[in-house]
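Within every chain, numbering begins at 1; the chains are lettered A, B, ... in the order of the sequence lines, protein sequences first and strands thereafter.
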There are 2 protein chains.
Amino acid sequence: MGGAGNGVARTHPVKRRTSFALAKVCKAHRGSIGELLAEHGLHPGQEMVLVELWESDGLRGGELAVRLGVEPPTVTKMLRRLEGCGIVERRPDPSDARSFRVYLTPEGRALEEPVADCWERSEERLLAGLSEEERRTFYGLLVRVRSNLVPGCGSR
Amino acid sequence: MGGAGNGVARTHPVKRRTSFALAKVCKAHRGSIGELLAEHGLHPGQEMVLVELWESDGLRGGELAVRLGVEPPTVTKMLRRLEGCGIVERRPDPSDARSFRVYLTPEGRALEEPVADCWERSEERLLAGLSEEERRTFYGLLVRVRSNLVPGCGSR
DNA sequence: CCTTTTTAGTTAGCCGGCTAATTAAATAAT
DNA sequence: ATTATTTAATTAGCCGGCTAACTAAAAAGG
């Protein structure tokens with residue numbers, strides 16, 4: 001099958017970009033943590049909601065969207081499902097009839113340890129073979145790169 | 001409102017994990033490149049199909065799934081849409097009646113330059129403020145980390 | 001007080017991703 | 001040759017994410 005130079009298929013230059021490598025790492029990482037979360041009946045993305053609520057329970061819907069860096073309709077749907085699973089509870093905000101506040105149920109609070117453990121295992125797998133110094137370097141670079149992508153994310 | 005230690009809301013330990021930072025970078029990065037791709041009517045994820053086809057046109061559906069690191073049903077749907085947009089064409093594989101081969105249309109081939117440009121701009125934004133050495137280090141770490149997550153991804 | 005504008009969430013609908021179950025063709029085994 | 005098995009792709013249905021359009025309450029202005 002020696003066509004006119006056909007079949008060589010050298011890898012495309014775009015594949016050597018850092019941007020490309022990052023995209024692939026992202027996808028793989030989401031899959032990796034999703035696999036662990038599935039053990040607790042969670043889908044990737046939902047763990048982020050939990051972290052925000054462990055940190056400050058009773059958030060308003062909109063504030064949750066801001067902290068997650070996600071659009072309001074996404075929050076609406078995720079909360080509906082998490083509520084359906086009994087992980088979260090939505091109560092009206094007494095001071096604003098348009099708003100509501102999100103609270104963890106006991107079930108939601110019980111997920112803190114196992115899910116934190118997922119992160120730990122996920123990180124273990126992610127950083128395997130890297131020295132302590134390399135890990136610190138990697139973390140530092142991620143933080144800087146993140147602040148490039150999410151302007152003004154210093155606090156969150 | 002000084003309840004029993006309530007309202008402090010220190011950031012949750014999980015948020016200091018490299019794994020967490022990576023997840024956030026991922027999300028932001030996908031959004032960043034998605035924004036650029038939208039200028040050409042593409043959705044994030046579709047650019048990956050294009051890269052594979054620029055590299056080797058006429059791939060079988062299953063092989064495409066493997067290279068993208070994605071499940072077959074995902075390929076089915078993406079290709080249906082890309083075909084609907086006239087970017088890609090599916091032709092039956094003469095040697096196997098269950099299979100098909102995917103070919104870029106002229107429109108699909110015409111996207112190579114503009115989309116490669118999206119990647120370049122995306123990378124620019126991503127790596128702003130990093131020295132050449134830091135960029136190399138970051139790239140190297142990404143590649144290593146990726147091989148932790150996707151065992152045997154040396155070639156792709 | 002009433003009107004206008006801003007803000008908070010929801011709905012509808014699309015896309016990329018997944019799993020589970022199905023169809024149909026190719027291959028292996030008898 | 002017939003049967004059993006494996007493989008290729010699709011369908012159905014769910015989830016996280018998005019945009020656009022809408023509803024309803026709060027806040028600002030007159």
Side-chain angles (χ1 to χ4, degrees), chain A residues 23-24 26-50 52 59-85 87-88 90-102, chain B residues 23-24 26-50 52 59-85 87-88 90-102:
Chain A
K24 288 299 187 183
C26 289
K27 196 194 161 301
H29 181 246
R30 189 177 172 94
S32 167
I33 195 152
E35 201 177 294
L36 299 176
L37 289 171
E39 294 171 14
H40 305 283
L42 293 175
H43 297 270
Q46 300 181 328
E47 80 281 17
M48 293 299 187
V49 175
L50 294 182
E52 296 302 337
L59 244 31
R60 286 204 343 253
E63 177 62 21
L64 192 51
V66 170
R67 297 197 187 196
L68 293 172
V70 138
E71 296 303 313
T74 301
V75 168
T76 297
K77 289 204 291 191
M78 286 178 83
L79 289 181
R80 181 165 37 205
R81 280 156 194 155
L82 287 171
E83 200 169 21
C85 298
I87 290 173
V88 128
R90 242 171 0 172
R91 295 206 287 266
D93 183 334
S95 76
D96 187 337
R98 306 167 289 183
S99 270
F100 60 87
R101 296 197 170 262
V102 193
Chain B
K24 288 299 187 183
C26 290
K27 195 195 161 301
H29 182 246
R30 190 176 171 94
S32 167
I33 195 152
E35 199 177 297
L36 299 175
L37 290 171
E39 294 170 14
H40 304 283
L42 293 176
H43 297 269
Q46 298 182 330
E47 81 280 17
M48 293 299 186
V49 175
L50 295 181
E52 295 303 336
L59 244 30
R60 284 202 347 249
E63 177 62 20
L64 192 50
V66 170
R67 297 198 188 195
L68 293 173
V70 139
E71 296 303 314
T74 300
V75 167
T76 297
K77 290 205 289 188
M78 286 178 82
L79 289 181
R80 181 166 36 204
R81 282 157 192 155
L82 287 169
E83 199 169 21
C85 297
I87 289 173
V88 129
R90 242 169 2 171
R91 296 206 287 266
D93 183 336
S95 74
D96 186 338
R98 305 167 292 182
S99 272
F100 60 87
R101 295 195 171 262
V102 193

Mapping B:F100 and A:P44 to their closest nucleotides on DNA chain D, which lands nearer the 5' end? B:F100
Let me know the distance between NE2 of A:H29 and P of C:dG17, rounded to the nearest Å. 17 Å
Closest approach of B:L68 to A:K27 (non-hydrogen atoms, all atoms of both residues): O-CE, 4.0 Å
Nearest heavy atoms of B:K24 and A:R67, plus distance in Å: NZ-O, 4.1 Å
Is there a side-chain polar atom (N or O) of A:R98 under 4.0 Å from OP1 or OP2 of D:dA24? no
Starting from C1' on C:dT6, measure out to CG on A:D96 and report it in whole angstrom. 12 Å
Any A:R90 side-chain nitrogen or oxygen under 4.0 Å from OP1 or OP2 of C:dT10: yes
Spacing of A:L37 atom CG relative to D:dG16 atom C1', expressed in whole Å: 13 Å
In sequence, state the C-alpha distance, the side-chain angles, and the governing distance for A:V49 and A:V102, and then conclude on side-chain contact (heavy atoms from CB on, under 4.5 Å). CA-CA 10 Å; A:V49 175; A:V102 193; 5.8 Å; no
Whole-Å distance separating the CZ atom of A:R91 from the P atom of C:dG9: 15 Å
What is the separation between atom CZ on B:R67 and atom P on D:dA8, rounded to the nearest whole Å? 15 Å
Hey, is the side chain of A:R60 poking within less than 4.0 Å of OP1 or OP2 on C:dA8, counting only N and O atoms? yes
May I have the distance from A:L79 (atom CG) to C:dA8 (atom P), rounded to whole angstrom? 16 Å
Just how far, in rounded Å, is C1' of C:dG17 from CD of B:E47? 13 Å
For B:M48 and A:A23 the tightest heavy-atom approach is CE-CB, 3.6 Å
Shortest side-chain distance from A:A97, nucleotide among D:dT10, C:dC14, D:dA26: D:dA26
With respect to the phosphate group of C:dC14, does any side-chain polar atom (N or O) of B:R81 fall under 4.0 Å of OP1 or OP2? no
Taking only N and O in the side chain of A:Q46, is any of them less than 4.0 Å away from OP1 or OP2 of D:dG16? yes
Considering only D:dT19, D:dG13, D:dC15, which nucleotide approaches the side chain of A:E71 most closely? D:dT19
Minimum heavy-atom distance between A:H40 and A:L36, given as atom pair plus value: CD2-O, 3.9 Å
I need the NZ-P distance between A:K77 and D:dT19, as an integer number of Å. 13 Å
For A:H43 and for B:R101, locate the closest nucleotide of DNA chain D by heavy-atom distance; then report the residue assigned to the nucleotide nearer the 5' terminus. B:R101
Within the pair A:T74 and D:dC18, is there a side-chain N or O less than 4.0 Å away from OP1 or OP2? yes
Under 4.0 Å between any heavy atoms, over every strand shown, what does A:P73 touch: base, sugar-phosphate, or nothing? Just pick one. base
If you take atom types as modelled and just measure distance, does the side chain of B:K27 reach the base of D:dG17 with a donor-acceptor pair under 3.5 Å? no
Could you check whether B:V70 gets within reach of a base, just the sugar-phosphate, or nothing at all, counting any heavy atom under 4.0 Å? sugar-phosphate
If you look at every heavy atom in B:R30 and B:P44, which pair is closest and at what distance? NH2-O, 3.1 Å
If you look at every strand shown and take non-hydrogen atoms under 4.0 Å, does A:S99 touch a base, only sugar-phosphate, or nothing? sugar-phosphate
